[in-house]
Amino acid sequence: EVQLQASGGGSVRAGSSLRLSCTASGFSIGGWTIGWFRQAPGKEREGVSCINNSVGSTIDHDSVKGRFTASSDVAKNTAWLRMDSLKPEDTAVYYCAAVRECKVVGDTLLGLSVYNWGKGTQVTVSS
């Protein structure tokens, strides 16, 4: 069964750090881009960061540049999202997804041709 599972969320104070994990099973993340997305209550889901496992490149939304870092280990079939200097506006359910590519269109980070969505993990940042 093809699955992605995001984990590592929690409740933290502003300025804190968290590291989310995205563990894949049933397929290899090696040929895919792992995208991180989030959805806050009452808002649409938005792209946050992506890592292209074929070339090892990353792309981040402007709102998280310099604070969030996507990484992965293909051998472990796992990706991570390191989140530093967290802000209350980062509060959301975070999801990972295997996509063909991520691209920035305007001020939006899009994940294209989604192969599989993982279950989300809640991140709550208090001021």
Side-chain angles (χ1 to χ4, degrees):
E1 181 183 3
V2 172
Q3 274 192 329
L4 284 170
Q5 177 69 59
S7 61
S11 296
V12 297
R13 291 285 185 96
S16 299
S17 298
L18 282 173
R19 189 177 80 156
L20 305 183
S21 298
C22 175
T23 302
S25 58
F27 74 106
S28 172
I29 67 171
W32 295 90
T33 291
I34 296 298
W36 289 93
F37 303 83
R38 67 186 180 188
Q39 187 165 21
K43 294 188 176 182
E44 292 188 358
R45 186 170 55 206
E46 61 178 0
V48 176
S49 296
C50 297
I51 180 162
N52 182 323
N53 290 310
S54 295
V55 297
S57 61
T58 60
I59 183 170
D60 302 310
H61 188 270
D62 284 347
S63 64
V64 304
K65 277 183 181 176
R67 299 190 300 123
F68 290 12
T69 305
S71 62
S72 65
D73 186 329
V74 173
K76 295 181 178 179
N77 226 21
T78 301
W80 297 274
L81 182 67
R82 170 78 182 188
M83 306 186 295
D84 296 317
S85 303
L86 282 162
K87 304 176 181 179
E89 51 264 42
D90 294 319
T91 295
V93 178
Y94 283 71
Y95 302 87
C96 59
V99 301
R100 273 301 175 202
E101 69 170 310
C102 288
K103 66 187 295 184
V104 174
V105 178
D107 62 354
T108 302
L109 177 60
L110 298 176
L112 305 180
S113 299
V114 176
Y115 175 60
N116 190 268
W117 281 102
K119 294 181 181 179
T121 184
Q122 176 71 47
V123 172
T124 302
V125 185
S126 59
S127 58

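The structure displayed is predicted, hence computed values, not measured ones. Numbers here are sequence positions counted from 1.
Of all heavy-atom pairs between Leu18 and Gly10, the closest is CD1-N, 4.0 Å. In this structure, Cys102 and Gly35 approach most closely via the heavy-atom pair SG-CA, 4.4 Å. Here the shortest heavy-atom pairing between Asp60 and Lys65 reads O-CE, 3.3 Å. Of all the heavy atoms in Trp36 and Ala6, the pair that sits closest is CZ3-CB, 4.3 Å. Considering all non-hydrogen atoms of both residues, Ser126 and Pro88 come closest at C-CG, 4.4 Å.
Interatomic distance, CZ of Arg19 versus CZ of Arg82, reported as 8.0 Å (0.5 Å rounding). The line from CG of Leu86 to OG of Ser16 is 7.0 Å long, rounded to the nearest 0.5 Å. Taken from OG in Ser63 to CD in Glu46, the straight-line distance is 5.5 Å, to the nearest 0.5 Å. Of the inter-residue distances, the one linking Ser25 atom OG with Gln3 atom CD reads 4.5 Å to the nearest 0.5 angstrom. Distance check, rounded to the nearest 0.5 Å: CD of Gln5 to SG of Cys96 gives 7.5 Å.
The main-chain N or O of Thr108 is never found under 3.5 Å from a side-chain atom of His61 such that the two would form a donor-acceptor pair. Of the possible polar contacts, none joining the Asp90 side chain to the Val125 backbone as a donor-acceptor pair under 3.5 Å is found. Asn52 places no side-chain N or O within donor-acceptor distance of the main-chain N or O of Thr33, the cut-off being under 3.5 Å. With hydrogens and angles disregarded, no donor-acceptor distance shorter than 3.5 Å links the side chain of Ser72 to the backbone of Val74. Within the 3.5 Å criterion, the main-chain N or O of Ser85 finds a donor-acceptor partner in the side chain of Arg67. In this structure, Asn53 contributes its side chain and Ile29 its backbone to a donor-acceptor pair below 3.5 Å.
No continuous path of ILVMFWY side-chain contacts below 4.5 Å connects Leu4 to Tyr95, so the two sit in separate hydrophobic clusters.
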Next on the checklist: Between Trp80 and Ile51, does the side-chain contact (heavy atoms from CB on, under 4.5 Å) criterion hold? Intermediate values first, please.
Outcome noted: CA-CA 9 Å; Trp80 297 274; Ile51 180 162; over 6 Å; no
Item to check | Intermediate values then yes/no, ring-ring contact (aromatic ring centres under 6.0 Å, His included), Trp117 and Phe37 | outcome: CA-CA 10 Å; Trp117 281 102; Phe37 303 83; 4.9 Å; yes
Next on the checklist: I'd like to know whether Leu20 forms a side-chain contact (heavy atoms from CB on, under 4.5 Å) with Thr121, so could you lay out the CA-CA distance, the side-chain angles of the two residues, the decisive distance to 0.1 Å, and finally the verdict.
Outcome noted: CA-CA 8 Å; Leu20 305 183; Thr121 184; 4.0 Å; yes
Next on the checklist: Could you walk me through whether Thr78 and Thr23 satisfy the side-chain contact (heavy atoms from CB on, under 4.5 Å) test, starting with their C-alpha distance in whole Å, then the side-chain angles of each, then the deciding distance to 0.1 Å, before giving a yes or no?
Outcome noted: CA-CA 5 Å; Thr78 301; Thr23 302; 4.0 Å; yes
Next on the checklist: Does Arg38 form a side-chain contact (heavy atoms from CB on, under 4.5 Å) with Val93? I'd like the steps, not just the answer.
Outcome noted: CA-CA 5 Å; Arg38 67 186 180 188; Val93 178; over 6 Å; no
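When side chains are defined from C-beta on, Leu81 counts as touching Phe68, because their heavy atoms get closer than 4.5 Å. Inter-residue side-chain proximity for Val99 and Leu112 is flagged as unmet; no heavy-atom pair is nearer than 4.5 Å. Under the 4.5 Å side-chain criterion, counting only non-hydrogen atoms from C-beta, Thr58 is not in contact with Thr69. Looking at heavy atoms from C-beta onward, Val64 lies in side-chain contact with Ser49 at the 4.5 angstrom threshold.
A donor-acceptor pair shorter than 3.5 Å can be found between the side chains of Gln122 and Thr124.
Exactly one of Leu110, Leu109, Ile34 qualifies for a side chain to side chain contact (heavy atoms under 4.5 Å, CB included) with Cys50. That residue is Leu109.
Using the six-membered ring where Trp is involved, Trp32 and Phe27 have ring planes that are perpendicular, over 60° apart on the 30 and 60° scheme.
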